[in-house]
Amino acid sequence: MLDPLILRNDLDATAAALKTRGYTLDTAVYEALEARRKALQMGVESLQSERNSSAKAIGRAKAQGEDIQPLLDSVAQLGTKLAAAESEFRVVREQQAAWLLDMPNLASTDVPAGSDEADNVELRSWGEKPHFDYPPRDHVELGELHQMMDAEAAAKLAGARFTLLKASMARMHRALAQFMLDVHTQEHGYTEVYVPYLVKGETMQGTGQLPKFADDAFATNDEPPRYLVPTAEVPVTNLAANTIFAADELPIKYVAQTPCFRREAGSAGQDTRGMIRQHQFEKVELVHIVRAEDSVAAHEELIGNAERILQLLELPYRTIVLCSGDMGFSASKTYDIEVWLPGQDAYREISSCSNCSDFQARRMKARVRNADTGKPELVHTLNGSGLAVGRTLIAVLENYQQQDGSIRIPEVLQPYMGGLEIIDL
RNA sequence: GGAGAGGUGGCAGAGCGGUUGAAUGCACUGGUCUUGAAAACCAGCAAGGGUUAAUAGCCCUUCCAGGGUUCGAAUCCCUGCCUCUCCGCCA
């Protein structure tokens, strides 16, 4: 959520900034709503003030044994007037709140301007793409060849966009997650957390998935509904909700492995082959809760932590910065890591690391007490995949394949697979 | 699933219709005292919002949440959520 104050004081500049994100703000309508809000709020508060002072006067008079009937008569109409004013104010306030919840974060000033992924900027690349003397198989072919990856079996159980893994591939999938968790906890200083996979609506709202993107999430039919987490960012970041941290409690760095559930509404026809885009996938997620002045540095640390996993796995990748039009709703700046997939002859996203500035913090009321002033201030929140496990599995399969179809196991992964060095046919 | 108890400030814990945003204790911050520290004593110490040039005043809201009664609700009524104890069941 944006600071309502900047919309009040700097509406045109804010609207222009939102425009670069593809969000059009109707300033005239917003201004009119804001004017109504101000008038109604002042009216309501003045009636409330009158009610309070009258009630106190009545109490005082009654205590002294005076006749309070004249006083009661004088406030006879106050209650209904106040109720009417309050309900009118409530409507406007809710309209304004809904509007604010619908606006994306502002892009950081150093984010390249642009409208879509074509305007993203590559920052660096790492590793050498493997050379093959034959047309490299993609992960689907490799999975079928080994009989360890079965989309049909998964479809029988759950429909499209699920994959069943077996034997060494199931084990490698598990090994990857374990490996990532160990690196982040032991080398990067993260605290591992295990979290609920079903969360309340207000939790989804805290990180920005609701109300705008309700169609993307799976919901239960409880009343009120719960939501299957689309990323561990949701439960983990919301651990900071409604909290005022002491200055020395920050930074907080959490890592969690969770399944992620996504409806993939609107992506019909995209990535239908293989396990690139699924309704359910496993992800190791990194979350930072930091003081505002530390978030830029934390963002660099975060992307470095994610890249480290690919380096240890010796998988080639490139890192890009997303342009203003391609960023997610809550982000002020986002780095994506794209891993090389020989089977697709393309780089594909395997991690997305975002600095959400105070956008989520304002929604979830996550604050830190300024040690100097003693005043609470909004924290900054960051999150990044470290990494998406399913896509990492794909990358290992495709990059480590050999001509006969066997798959070498990356050295760092071997201890997690009982010393296995190769998946033979 | 059955039975009971309860949700108040950072924590503990009073208040049970009237100048109560809330006693008291602890914790915390500043001061006095002390060579220093402790103790003792004094003072301060919730959050959000509106108005405003203002981090000055003034005002509003908040005692789990949402409704209701009343001139007035932390206090009374209803609903929901959550926590704890005992029994049953269960990974």
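Comparing the P positions of B:rC41 and B:rA46 gives an interatomic distance of 22 Å, to the nearest angstrom. Spacing between B:rU61 and B:rA74 at atom C1', rounded to whole Å, works out to 15 Å. Between B:rC82 and B:rA91, the two P atoms lie 24 Å apart (nearest whole Å). Going from the P atom of B:rG10 to that of B:rA5 covers 28 Å, rounded to whole Å. Here the separation of B:rG9 from B:rA47, taken at their P atoms, is 14 Å to the nearest Å. As rounded to the nearest Å, B:rU8 and B:rU24 have C1' atoms that lie 14 Å from one another. Rounded to the nearest Å, the gap between the P atom of B:rA73 and that of B:rC84 is 33 Å. Rounded to the nearest Å, the gap between the C1' atom of B:rC86 and that of B:rC76 is 31 Å.
The residue A:S54 sits apart from the nucleic acid: no heavy atom pair falls under 4.0 Å. Using a 4.0 Å heavy-atom distance criterion, A:K365 is classed as making no nucleic acid contact. Backbone-only engagement by A:R8 is indicated by non-hydrogen atom pairs under 4.0 Å involving sugar-phosphate atoms exclusively.
With a 3.5 Å ceiling on both atom-pair distances, the Watson-Crick or G-U wobble partner of B:rA46 is B:rU62. Across all strands shown, B:rG6 forms a Watson-Crick or G-U wobble pair with B:rC82, both key distances being under 3.5 Å.
Side-chain N/O atoms of A:R93 include none lying less than 4.0 angstrom from OP1 or OP2 on B:rG49. Between A:N52 and B:rC60 there is a side-chain polar atom (N or O) within less than 4.0 angstrom of OP1 or OP2. Contact between the side-chain N/O atoms of A:R369 and the OP1/OP2 oxygens of B:rA47 is found at a separation under 4.0 Å. OP1 or OP2 of B:rU52 sits under 4.0 Å from a side-chain N or O of A:K38.
No hydrogens or angles considered: nothing links the side chains of A:Q178 and A:Q257 as a donor-acceptor pair under 3.5 Å. When only modelled atom types and interatomic distance are considered, A:Y317 and A:E307 share a side-chain donor-acceptor pair under 3.5 Å. A:T163 and A:Q278 share a side-chain donor-acceptor pair at under 3.5 Å. Residues A:S267 and A:E264 bring a donor and an acceptor atom of their side chains to less than 3.5 Å of each other.
Between A:F213 and A:F329, the ring center distance clears the sub-6.0 Å criterion.
Set against B:rA46, B:rU61, B:rU52, the side chain of A:R51 has B:rU61 as its closest nucleotide. Side-chain proximity of A:R367 to the nucleotides B:rU51, B:rC71, B:rG48 is greatest for B:rG48. Set against B:rG50, B:rG18, B:rG48, the side chain of A:P376 has B:rG48 as its closest nucleotide.
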(message) Evaluate A:E233 against A:T207 for side-chain hydrogen bond (donor to acceptor under 3.5 Å, both in side chains), listing each step before the verdict.
(response) CA-CA 8 Å; A:E233 167 198 346; A:T207 29; 5.0 Å; no

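Contacts of A:R8 classified as side chain to side chain donor-acceptor pair (under 3.5 Å), with partners at least two apart in sequence or in another chain: A:E34.
Across the protein-nucleic acid pair, A:E377 atom CD and B:rG48 atom C1' stand 15 Å apart, rounded to whole Å. Taking atom CZ of A:F245 as the reference point, atom P of B:rA47 lies 16 Å away to the nearest angstrom. When rounded to the nearest whole Å, the span between CD1 of A:I244 and P of B:rG10 equals 7 Å. Across the protein-nucleic acid pair, A:Q64 atom CD and B:rG18 atom C1' stand 13 Å apart, rounded to whole Å. For the pair A:K375 NZ and B:rU55 P, the computed distance is 11 Å after rounding to whole Å. One interatomic measurement links the two molecules: CD of A:E94 to P of B:rG66, which rounds to 12 Å at whole-angstrom precision.
Under 3.5 Å, the side chain of A:K56 and the base of B:rG18 form no donor-acceptor pair of N or O atoms.
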